[in-house]
Amino acid sequence: MIALVRNEVMKILLKKKMPLIMILLLIFVGLLSYGQNYAYERNIDQFEAESGETAFDWQGLTTQRLDELEERSQNEAIPGEVRASFDREIEQLNYFIENDINPVTPTAAKFNVSFAEQGITLFIPLLIAILAADLVSSEFSRKTIKILLTRAVPRWKVLLSKYIALLIMTTLLVFIIGITTTLVSYLFFQEWGFSEPIVTGFTLFEGTLNSDSTILIPRYQYTLLIYSLVWFVSIIVASITLLISLIVDTSASAIGILMAALIGGQFLQFFLSDWELVKYFFVTNLDLTRYLTGSYQPVEGMSLNFSILILSVWAIGSIAISFIVFNRRDVLV
Amino acid sequence: MFKKVVWPLVSASALILALVFVFGFVTSIIISGGEADVQTETQTESPENIPEEVMPPDGASDILILGDSIGFGVGDEENLGIGERYLDLLEEDSETDTTITNSSVPGFESSQLADLIESGENRTSIAGAELIILSIGGNDLNRLNLEDNVTLAPAFEEALNIYKEDLTFILSEIRSINPDAQLAIIGLYNPYSEDDPQNARFLLDWNHETRLIVNSDAAFAYIPTYELFTYHLDAYLSPDDFHPNGMGYQVIAETLFRILNYSTN
């Protein structure tokens with residue numbers, strides 16, 4: 001079994017998929033972090049030009065905000081939980097002032113998280129699709145499936161080894177995305193920012209976003225949490241792509257179908273947000289990171305647990321169908 | 001050679017990474033999931049705490065300020081707010097021992113103020129007040145900034161109707177507790193003057209409706225701020241570009257003084 005998995009990993013590596021994905025990543029990450037740095041510097045310049053050559057005084061603004069929050073957190077007319085959330089923001093701002101860090105400076109730790117947040121619905125699934133789309137279909141199109149299946153190994157073992165190999169490569173890919181975004185953006189920003197505190201832990205309470213239960217954690221822990229969610233989503237997408245790759249004959253149509261599903265799903269979400277059924281579609285649930293950042297419009301009945309459950313059902317369903325289809329399939333090539 | 005090195009490397013690192021990711025994944029679920037119970041507990045506690053905190057020590061004072069962050073004085077460098085600044089103006093004229101109770105809560109919308117008054121927490125301070133300054137509605141209106149162009153107009157209508165009902169309700173509640181007090185409401189100014197003219201129209205509509213309700217009561221004054229602020233946003237707004245600064249509050253307090261008090265100088 002291990003030999004089979006190893007063989008499949010080697011096949012993926014020898015197809016030179018990883019270098020292709022790496023090049024794509026480097027191009028996009030490089031462009032994005034250059035652009036973000038450019039926009040940031042231009043904003044600062046513009047601000048300085050408008051305010052008459054004075055340097056951008058973030059300390060003044062932050063201190064003012066801090067004073068206001070402190071005053072509010074003393075106000076006894078405000079309920080205790082709300083004041084506790086002020087205290088967390090005060091703590092966060094104090095960190096920035098004490099360490100002389102401008103809170104709006106772009107850092108590598110911010111960039112890798114926002115890249116994951118933006119990419120989790122489309123870009124990262126597409127990279128996974130590049131990896132997974134021809135896993136089975138290429139065996140058919142190259143007619144190597146015959147050789148594979150004439151070995152004295154049950155069919156389910158063949159598929160399972162392919163699936164495990166895919167999981168291994170997906171895990172590595174998520175890691176590579178994290179490392180690439182961090183390193184490349186560091187080149188541009190010259191700022192790690194991994195120990196800055198960040199607020200997370202928003203909960204839904206009676207349909208509204210609740211910041212009372214938020215906690216303050218360092219950026220590196222936050223990055224880990226975000227990438228764990230990206231990893232989970234990637235595995236779900238990989239499982240679904242495996243099924244698509246099994247059903248169609250060519251990898252081109254496999255990628256096409258997945259892209260149509262991803263983009264179509266975004267449309268569905270946009271146009272039919274009132275429709276109950278839409279929230280059971282896997283694409284609608286891919287954006288898991290928003291539940292950590294708290295930057296979303298709460299949708300009735302949708303939470304992190306709900307999305308994870310729906311995604312898991314889709315993945316388990318696709319794997320089950322994949323095995324059934326692969327076992328029964330007539331191989332005529 | 002290549003194969004022999006790569007396979008153990010790939011499999012081992014994938015295994016370790018998978019463990020790390022599973023750990024992070026479980027942590028994220030715990031962070032954003034299981035705290036709903038804690039929330040319900042704290043919610044049941046808070047109503048008991050608030051009344052005793054809000055109640056002024058001797059039960060009543062002469063000026064009561066109810067409402068949102070503007071009533072509270074957010075943005076004022078000297079932390080005086082409208083009430084203290086108004087009191088200073090009164091004292092210039094004649095010695096008074098007037099006291100102020102400020103029960104404003106930054107962020108309050110009209111419905112929250114209506115709930116607060118209905119709950120009866122401020123009953124004693126309302127009953128004992130000679131002047132009640134209201135500042136409400138800004139957050140109702142400002143919330144509409146989240147709407148897009150299509151939903152803006154109906155959302156505005158809805159918010160305005162709710163606001164009108166709330167303000168009428170607040171007025172009748174206050175009058176049932178204290179029929180004699182002088183009331184004053186701070187009108188809304190437009191902190192985004194250079195933006196959309198549509199927003200300015202909404203704001204004027206809003207102020208107009210407020211005026212109509214104010215006019216229905218004999219001792220209820222409308223304190224205009226729109227005209228005061230329009231040409232002086234830079235001078236009157238605090239650095240958050242939303243709340244007034246000390247000068248802005250001073251101008252509001254002076255207008256309030258001019259409207260309510262006859263002064264010989």
Side-chain angles (χ1 to χ4, degrees), chain A residues 2 5-7 9-10 13-14 60-61 64-65 67-68 71-72 75-82 84 165 167-172 174-175 200-206 210 212-215 217 221 223-232 234-235 288-289 291-292 294 297 303-305 308, chain B residues 2-3 6-11 13-40 42-43 45-47 49-50 52-54 69 72-77 79 101-108 116 121-122 146 238-240 243:
Chain A
I2 291 177
V5 176
R6 178 184 158 178
N7 189 34
V9 171
M10 285 306 156
L13 284 176
L14 289 177
L61 289 176
Q64 172 142 25
R65 171 88 184 137
D67 291 344
E68 191 185 306
E71 188 187 313
R72 275 202 227 176
N75 181 1
E76 295 189 332
I78 300 176
E81 314 95 78
V82 181
L167 293 188
I168 291 176
M169 295 315 287
T170 307
T171 309
L172 287 180
V174 173
F175 180 67
T200 185
F202 298 88
T203 49
L204 278 179
F205 183 71
E206 287 174 356
N210 191 329
D212 301 345
S213 60
T214 47
I215 50 169
I217 58 173
Q221 288 181 7
T223 304
L224 180 67
L225 294 184
I226 293 284
Y227 274 87
S228 303
L229 293 179
V230 171
W231 173 74
F232 178 79
S234 303
I235 282 185
L288 290 184
T289 53
Y291 296 117
L292 277 191
Q297 289 282 318
S303 66
L304 181 64
N305 292 354
I308 288 173
Chain B
F2 171 71
K3 284 189 183 178
V6 165
W7 167 243
L9 199 71
V10 165
S11 53
S13 50
L15 195 67
I16 295 168
L17 286 173
L19 287 176
V20 171
F21 284 145
V22 168
F23 169 75
F25 183 62
V26 173
T27 317
S28 342
I29 296 180
I30 294 170
I31 283 181
S32 59
E35 296 190 42
D37 303 335
V38 185
Q39 181 51 33
T40 41
T42 47
Q43 287 253 320
E45 276 173 22
S46 50
N49 300 339
I50 288 178
E52 39 186 342
E53 286 172 359
V54 167
S69 50
F72 185 75
V74 173
D76 191 339
E77 301 90 346
N79 286 330
T101 306
N102 195 338
S103 300
S104 305
V105 183
F108 248 31
L116 181 75
E121 281 165 24
N122 296 71
L146 300 172
S238 66
D240 65 8
H243 295 106

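All chains are named by letter (A, B, ...) in the order of the sequence lines, taking the proteins before the strands, and each is independently numbered beginning at 1.
- Within a 6.0 Å radius of CZ in A:Phe175, no more than 12 heavy atoms belonging to other residues, nucleotides or ligands are found.
- Only the side chain of A:Ile308 comes within contact range of chain B, with at least one heavy atom under 4.5 Å from a heavy atom of that chain.
- Taking the side-chain hydrogen bond (donor to acceptor under 3.5 Å, both in side chains) definition, one finds that A:Thr223 meets it with nothing, sequence neighbours left out.
- Both the backbone and the side chain of A:Tyr227 come within contact range of chain B, each with at least one heavy atom under 4.5 Å from a heavy atom of that chain.
- Contact annotation for B:Val22: both backbone and side-chain heavy atoms come within less than 4.5 Å of a heavy atom of chain A.
- If you measure heavy-atom distances from B:Val74 to chain A, the contacts under 4.5 Å come from the side chain alone.
- Here B:Phe21 pairs with A:Trp231 under the ring pair (Phe, Tyr, Trp, His ring centres under 6.0 Å) rule; sequence neighbours left out.
- Within the 4.5 Å cutoff, no side-chain heavy atoms of B:Thr101 are placed close to those of B:Asn122.
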